[in-house]
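The structure under discussion appears below in the form of structure tokens.
Atom set for the values below is all heavy atoms of this structure, side chains included, hydrogens, waters and symmetry mates excluded. Quick note: residue numbers are just sequence positions, from 1.
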Amino acid sequence: MKILTCSAHLQQLEGILRKSLPIALPVFGAVLNINRGNPGQFEVLVDKWPEFGALLARPSGEVASGDMGHCRRGVTRCPGTCQAHSEQPWHHAGAPVRAPHPCTHTGTPPSPPLTPASPRPAPGVHVGSLSPSHVDLLNDTWPYGGNARSRRFLAEILGRFPQVCLQDSSGQPVAWVLTDHFGTGTHSYTLPEHRRHGHMQVALTVAAQRAHARGFPTFG
């Protein structure tokens with residue numbers, strides 16, 4: 001496969017994928033991050049250019065595990081990578097992908113536009129950010145956490161990608177939303193003692209507003 005390194009090609013790819021949502025949603029987020037400073041140090045590969053039929057996003061320089069052969073239509077995630085495959089080419093003119101059968105990954109419609117009436121933090125709560133000192137808290141509260149590998153992963157995305165944290169008057173975390181290499185929500189959590197106050201709705205709204213401002217679509 002061919003690694004796309006030309007910034008003009010990567011920008012062109014972003015436009016093609018944007019017109020092919022939601023089928024391209026998993027790899028689209030990775031391409032957006034690459035085109036915005038590449039904080040995750042990822043690369044994107046295509047089987048050919050510009051009329052490609054397969055697309056792979058992975059950490060730079062790594063050989064991804066997983067077999068493209070089983071991914072005949074739609075999208076699939078493999079460990080450490082994200083790949084999309086279509087039996088018909090993704091045309092460089094930006095035409096949407098047409099799979100011969102309904103795609104198994106249809107996603108959800110884009111969220112409605114955010115308005116001034118969007119939820120606001122409760123009294124005594126403000127929008128802040130997490131710091132490296134919170135990694136153990138994140139690791140303890142993540143469903144896939146509790147081990148050294150998950151801790152390293154959470155420390156990496158905390159340091160590289162946008163996140164939102166609601167804090168109480170003393171600056172302690174109340175609720176948070178982390179994003180990852182693919183621009184997706186990875187770890188969203190409200191501490192049990194602060195639940196049922198709408199904190200997560202506020203955190204998700206702020207995260208969506210910030211993502212939208214950076215050109216990322218919001219789905220949910």
Side-chain angles (χ1 to χ4, degrees), residues 1-111 144 149-150 152-153 156-157 159-162 178-186 211-212 214-220:
M1 297 183 77
K2 173 184 175 63
I3 301 176
L4 292 186
T5 57
C6 173
S7 59
H9 290 169
L10 288 166
Q11 289 292 338
Q12 185 179 359
L13 176 62
E14 179 179 325
I16 295 170
L17 296 180
R18 189 179 294 276
K19 294 178 181 179
S20 300
L21 295 173
I23 194 174
L25 187 59
V27 286
F28 183 54
V31 172
L32 286 175
N33 272 324
I34 290 171
N35 285 342
R36 286 153 180 78
N38 200 10
Q41 298 300 301
F42 258 45
E43 62 189 11
V44 62
L45 299 84
V46 293
D47 57 341
K48 56 183 178 179
W49 183 262
E51 294 190 355
F52 58 94
L55 174 69
L56 172 70
R58 70 182 186 189
S60 297
E62 291 190 10
V63 177
S65 60
D67 181 9
M68 289 291 287
H70 74 281
C71 187
R72 302 306 302 167
R73 286 180 293 278
V75 262
T76 261
R77 279 181 180 268
C78 294
T81 70
C82 191
Q83 51 188 313
H85 184 89
S86 174
E87 290 182 342
Q88 297 189 11
W90 302 48
H91 298 291
H92 68 276
V97 176
R98 292 180 178 271
H101 299 288
C103 177
T104 56
H105 176 91
T106 58
T108 54
S111 299
Y144 308 102
R149 182 179 180 183
S150 61
R152 288 194 300 271
F153 171 74
E156 177 187 357
I157 64 172
R160 294 187 176 188
F161 300 102
L178 301 181
T179 59
D180 64 8
H181 308 75
F182 301 103
T184 58
T186 300
H212 183 74
R214 297 174 62 237
F216 284 71
T218 55
F219 284 73

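In this structure, CD on Glu43 lies 4.5 Å from OG on Ser60, to the nearest 0.5 angstrom. Summarising the geometry, atom CG belonging to Leu56 is positioned 10.5 Å from atom CG belonging to Asp47; distances are rounded to the nearest 0.5 Å. Atoms OG1 and CG, on Thr184 and Leu25 in that order, are 8.5 Å from each other to the nearest 0.5 Å.
Every residue meeting the side chain to side chain donor-acceptor pair (under 3.5 Å) condition with Ser150, not counting sequence neighbours, appears here in chain and number order: Asn139, Asn147. Taking the side-chain contact (heavy atoms from CB on, under 4.5 Å) definition, one finds that Arg214 meets it with Asn33, Arg36, Pro162, Phe216, sequence neighbours left out. Taking the side-chain contact (heavy atoms from CB on, under 4.5 Å) definition, one finds that Asn38 meets it with Ile34, Phe42, sequence neighbours left out. For Phe161, the ring-ring contact (aromatic ring centres under 6.0 Å, His included) test picks out His181, with sequence neighbours left out.
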Problem - side-chain contact (heavy atoms from CB on, under 4.5 Å) between Asp180 and Glu156, intermediate numbers included - result: CA-CA 9 Å; Asp180 64 8; Glu156 177 187 357; over 6 Å; no

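Of all heavy-atom pairs spanning Leu17 and Val31, the tightest one is CD1-CG2, 3.8 Å. Of all non-hydrogen atoms in Thr218 and Ala211, the two that sit nearest each other are CG2-CB, 4.3 Å. Contact record, Val27 with Leu55: CG2-CD2, 3.5 Å, taken as the closest heavy-atom pair. The two residues Thr179 and Thr186 make their nearest non-hydrogen contact at C-OG1, 3.8 Å. Taking both residues in full, the closest heavy atoms of Gly215 and Leu32 are given as O-CD1, 3.9 Å, listed atom of the first, atom of the second, then distance.
Applying the ring pair (Phe, Tyr, Trp, His ring centres under 6.0 Å) test to pairs two or more places apart or on separate chains, those with a residue in residues 7-26 are His9-Trp49. Listed by first and then second residue, the ring pair (Phe, Tyr, Trp, His ring centres under 6.0 Å) pairs that reach into residues 11-37 come to none, sequence neighbours excluded.
The existence of a salt bridge linking Arg18 and Glu14 is confirmed by a sub-4.0 Å separation between a basic side-chain nitrogen and an acidic carboxylate oxygen.
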